[in-house]
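Worth saying up front: this structure is predicted, and the values here are computed from it rather than measured.
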Amino acid sequence: MPEAHVVEIGCEEVWRQISNYVENDLDPALRLRMEEHFKACKRCSAVLDGARNLVQLVGDGKAFDLPAGFSERLRARLQEHAASASAQVVPAPLEIPIGITGDRVPLGSHLIYFWESDQDFDRGVRFFHPGLGKGEHCIAFGHDEALEKVLMALRAQGYDPDLLIQKRELTVLRRHAAAEVTLSDISDVMHAALNSGSTAIRFLGNLGLGRDPLPAGENDVLELENRVDALITGFPCVVVCMYDVRTLPGRMILKGGLEQHRLAVHADGVHENPYYRPGPFSAASRHVH
């Protein structure tokens, strides 16, 4: 008999049905269509991959994600998990070791780290080291190639990323959407980490131009950088942004890297960034040539 034809399904319909998909509450034909879509759509499969880390973080054995946030049903599950957590809360530290150098930085810090060689990159990943196994949670964010390098660096440095994810010490978030959705995704992971008892959060963002284009262009990346400070104000968190100077245009290095980070990580330590210009980037800088 000839194989049955599977009717294609669009990304938006996949997003609407993901909560039902992961709860196995779908018509078999629709589930098959979604499974075929995941095989062909890198964006949707990346969204689903990122959600698996979050679900492991909150102790559920299933997987889910929604680019614009959780469904009310799944969000309620997170709230139930938080309510049932131990009442004993470990106070967060006021500052944490940066790992890349011997410095300690206050929680709420947003740092820039430029890298060019593989050695530079591996050194940046050492930001995670002081937090692993110490009650902190680490988040790796970026495009596929950068995340692959992060996991490779961790393995070379003696860590098992799969085990770290399983133990809810590490979350891997793929860059897949514009700033608004990205900030929502990050916030959800941070809330889940705190609900699971983490005392501090280490966020390692990776910016470079990989195989896939930026999800929403250069200006959207600048908007994301500009809004990170406001996002982390409510969390015991330190953010290190690693910029790949080999692939990024000068405008992004200047407007996103230098002007949006108060602190910079150098080989000899952490320093105040004299080029820091807080606030939205100017309207004149929004035009991309």
Side-chain angles (χ1 to χ4, degrees), residues 10-16 18 37-38 40-51 53 65-69 110-116 121 124 139-150 171-190 203-232 239-262 264 273 275-289:
C11 294
E12 292 186 2
E13 179 64 19
V14 168
W15 298 339
R16 283 194 293 267
I18 279 184
H37 182 89
F38 288 133
C41 180
K42 294 177 64 178
R43 182 183 181 189
C44 289
S45 63
V47 170
L48 194 58
D49 285 345
N53 295 316
D65 194 11
L66 286 176
H110 184 198
L111 304 94
I112 184 67
Y113 175 73
F114 295 110
W115 71 274
E116 184 174 9
F121 187 94
I139 303 172
F141 170 79
H143 56 294
D144 287 342
E145 297 93 315
L147 294 179
E148 290 165 5
K149 285 178 69 70
V150 169
T171 294
V172 178
L173 284 177
R174 286 177 171 82
R175 184 186 72 193
H176 68 88
E180 192 71 32
V181 172
T182 297
L183 290 165
S184 176
D185 289 346
I186 295 170
S187 178
D188 285 335
V189 173
M190 289 185 175
F203 183 94
L204 186 66
N206 292 274
L207 182 61
L209 300 183
R211 292 184 295 265
D212 298 326
L214 296 170
E218 289 185 15
N219 284 338
D220 184 76
V221 173
L222 300 180
E223 185 71 22
L224 177 63
E225 286 283 24
N226 180 249
R227 296 175 62 182
V228 164
D229 286 338
L231 171 68
I232 66 177
V239 175
V240 172
C241 295
M242 302 221 305
Y243 272 50
D244 180 1
V245 298
R246 306 167 307 166
T247 64
L248 291 173
R251 176 175 178 268
M252 294 191 71
I253 291 175
L254 173 62
K255 298 295 181 182
L258 291 174
E259 294 189 359
Q260 298 293 334
H261 299 82
R262 185 176 65 83
N273 173 20
Y275 303 101
Y276 178 52
R277 301 290 184 271
F281 59 100
S282 67
S285 71
R286 293 176 182 267
H287 178 66
V288 181
H289 296 282

Got a second to check how far [X]'s [atom1] is from [Y]'s [atom2], nearest 0.5 Å?
| X | Y | atom1 | atom2 | answer |
| --- | --- | --- | --- | --- |
| R175 | L214 | CZ | CG | 5.0 Å |
| H261 | L111 | NE2 | CG | 8.0 Å |
| Y276 | E259 | OH | CD | 11.0 Å |
| I253 | L207 | CD1 | CG | 9.0 Å |
| F141 | D185 | CZ | CG | 8.5 Å |
| D144 | R174 | CG | CZ | 5.5 Å |

Practice task
Please tell me if the side chains of T171 and F203 come closer than 4.5 Å, counting only heavy atoms from C-beta onward.
Solution key: no

Handout entry: pair R227-E180: side-chain heavy atoms closer than 4.5 Å
Key = yes

Practice task
Please answer whether the main-chain N or O of L209 pairs with a side-chain N or O of T247 as donor and acceptor at a distance below 3.5 Å.
Solution key: yes

Practice task
Using modelled atom types only, decide if a donor and an acceptor are shared between the side chain of N226 and the backbone of Q260 within a distance under 3.5 Å.
Solution key: no

Shortest non-hydrogen contact from [X] toward [Y]:
| X | Y | result |
| --- | --- | --- |
| G124 | L204 | O-CD1, 4.1 Å |
| S187 | L231 | CB-CD1, 3.9 Å |
| N206 | A146 | CB-CB, 3.5 Å |
| N219 | R251 | OD1-NH2, 2.7 Å |
| G142 | L147 | O-CD1, 3.5 Å |
| Y243 | I112 | CD1-CD1, 3.2 Å |

Problem - By salt bridge (charged side-chain N to carboxylate O under 4.0 Å, His left out) - contacts of D244 (at least two apart) - result: R246

Practice task
Mind checking salt bridge (charged side-chain N to carboxylate O under 4.0 Å, His left out) for E116 and listing every partner two or more places apart, or none if nothing turns up?
Solution key: none

Handout entry: Between E225 and H110: side-chain donor-acceptor atoms closer than 3.5 Å
Key = yes

